[in-house]
2 protein chains.
Amino acid sequence: MTTARRSDATRAAILEAARERFASDGYDRATIRSIARDAGIDPSMVMRYYGNKEGLFAAASEIELDLPELGGLPARHIGAVLVTHFLERWERDDVLTGLLRVGVTNEAGAERMRAVFAQQLGPVTRGVCPDPAEAPRRAALVASQILGMALTRYVLRLPPVAEMAPEEIVAWLGPTVQRYLTAEAP
Amino acid sequence: MTTARRSDATRAAILEAARERFASDGYDRATIRSIARDAGIDPSMVMRYYGNKEGLFAAASEIELDLPELGGLPARHIGAVLVTHFLERWERDDVLTGLLRVGVTNEAGAERMRAVFAQQLGPVTRGVCPDPAEAPRRAALVASQILGMALTRYVLRLPPVAEMAPEEIVAWLGPTVQRYLTAEAP
DNA sequence: ACTGTAGGCCAACGGGCGTTGACATCCCAT
DNA sequence: ATGGGATGTCAACGCCCGTTGGCCTACAGT
């Protein structure tokens, strides 16, 4: 293992401040100067450790969806399980909201978002849908509903969605996701 | 009626350029200077006619969803009709994509988006769901799926979604919207 | 104890931004 | 024909941005 550097605390502070700023302000308004101010250091340190603003964003938007294995549970529950998991995942930290905000106006952010869903959601769906060749399409349909919920609830804050209880959301969206994954093609 | 002003052409050119820039670049990167350049006039004209950048955005984001009346058609078709309408509406011009882009990073854009869906989608749903008191919540669920589709297809361009034929999308999302509107509460 | 280096700050750069006010030009009503 | 408001250009303002390079400082290896 590499020995701990003295600067590790600073690096971490920068990253944390960056995640918060990207999440709340989007790419353009999250300035290096404001991130540095939040982290209590000089803007030039950000450049030293992350090269430039794009490098900082790349480091700040590492995402792990931590999706559960769907193979071992009753087929009729996977919709609810997935929706529940995404809701919890979204509320655990701001990184996903940040990625969503950035992906909308920044091509690098959009690319990261595509990669996350292709590499992490795609494989999980492969085992549960009727024809494995259709897995990417079904995963994308699931993404459209999950991201739509995240967008209206956490970003746009459309009142009825923002105020619904998690269980209600699961009850409504679960069957949708379930159908996108397991129903015969319409 | 008020007589036509000589400047109407310029005003229209500014508005068109603004819509395109807001749609493709989002609020921050759509600069007044670039909009003026597209419109072939001086940036100060934008200020003269629209006051400031916020005023320009407000003028450029007037939206008409043109939703059809749902009362007169078979209840089991309203999901497909709605999804079809939204797809066509989204492809007709860039304004909706622009509003989506701006709503994600700009509070004024988010507010406009909330208003559009509350005032235009809300009333249409009131007539078709079991309990009128629940109409806002059901409209919001519909919005979550419709906006999720728009986000993944037109903004993030998630490949499987971006490449699906409109009929396929209608076949998959129609039943979802149908259920959100007409099913008994789960 | 000495020294090299990693960690950190400061001041400045070039550039783009939104916005403003002074000035030129055109066209229409008189 | 001419005066005046509408239309448009130009140059500049103050501001904040990302980024750079020089300069202290303090610690770790010898």
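Letters A, B, ... are given to chains in the order of the sequence lines, protein chains preceding strands, and every chain is numbered from 1. Only heavy atoms go into these numbers, but all of them, side chains included; no hydrogens, no water, no symmetry mates. From a predicted model like this one, the values you see are computed outputs, not experimental measurements.
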Distance in angstrom units between [X] [atom1] and [N] [atom2], rounded:
X: B/R29; N: C/dG16; atom1: CZ; atom2: C1'; answer: 13 Å
X: B/R21; N: C/dC17; atom1: CZ; atom2: C1'; answer: 14 Å
X: B/D8; N: D/dT7; atom1: CG; atom2: C1'; answer: 12 Å
X: A/F57; N: D/dT19; atom1: CZ; atom2: P; answer: 15 Å
X: A/R11; N: C/dG7; atom1: CZ; atom2: C1'; answer: 10 Å
X: B/D28; N: D/dC16; atom1: CG; atom2: P; answer: 15 Å

According to side-chain hydrogen bond (donor to acceptor under 3.5 Å, both in side chains), does anything in residues 109-121 of chain B pair up with another residue at least two apart or in another chain? List the pairs.
B/E107-B/R114, B/E111-B/R114

Just jot down the side-chain contact (heavy atoms from CB on, under 4.5 Å) partners of A/E134, sequence neighbours excluded, or say none.
A/D131, A/R138, A/A185

Counting only side-chain N and O atoms of B/T10, is one of them less than 4.0 Å from OP1 or OP2 of D/dT7?
no

Once the angle between the rings of B/F86 and B/F117 is folded into 0 to 90°, is it parallel (under 30°), tilted (30 to 60°) or perpendicular (over 60°)?
parallel

For A/F22 and A/F57, take the angle between the two ring planes, folded into 0 to 90°, and tell me which bin it lands in: parallel under 30, tilted 30 to 60, perpendicular over 60.
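Judged by the thresholds at 30° and 60°, the geometry between A/F22 and A/F57 is perpendicular.
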
Please list residues of residues 31-50 of chain A whose heavy atoms come under 4.0 Å from any atom in DNA chain C, ordered by number; otherwise none.
A/R33, A/I41, A/D42, A/S44, A/M45, A/R48, A/Y49

Output the distance between atom CG (A/L96) and atom CD (A/E91), rounded to the nearest 0.5 Å.
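Answer rounded to 0.5 Å: 11.5 Å.
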
Please name the pair of heavy atoms, one in B/V95 and one in B/E62, separated by the smallest distance, quoted to 0.1 Å.
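Residues B/V95 and B/E62, closest heavy atoms: CG1-O, 4.1 Å.
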
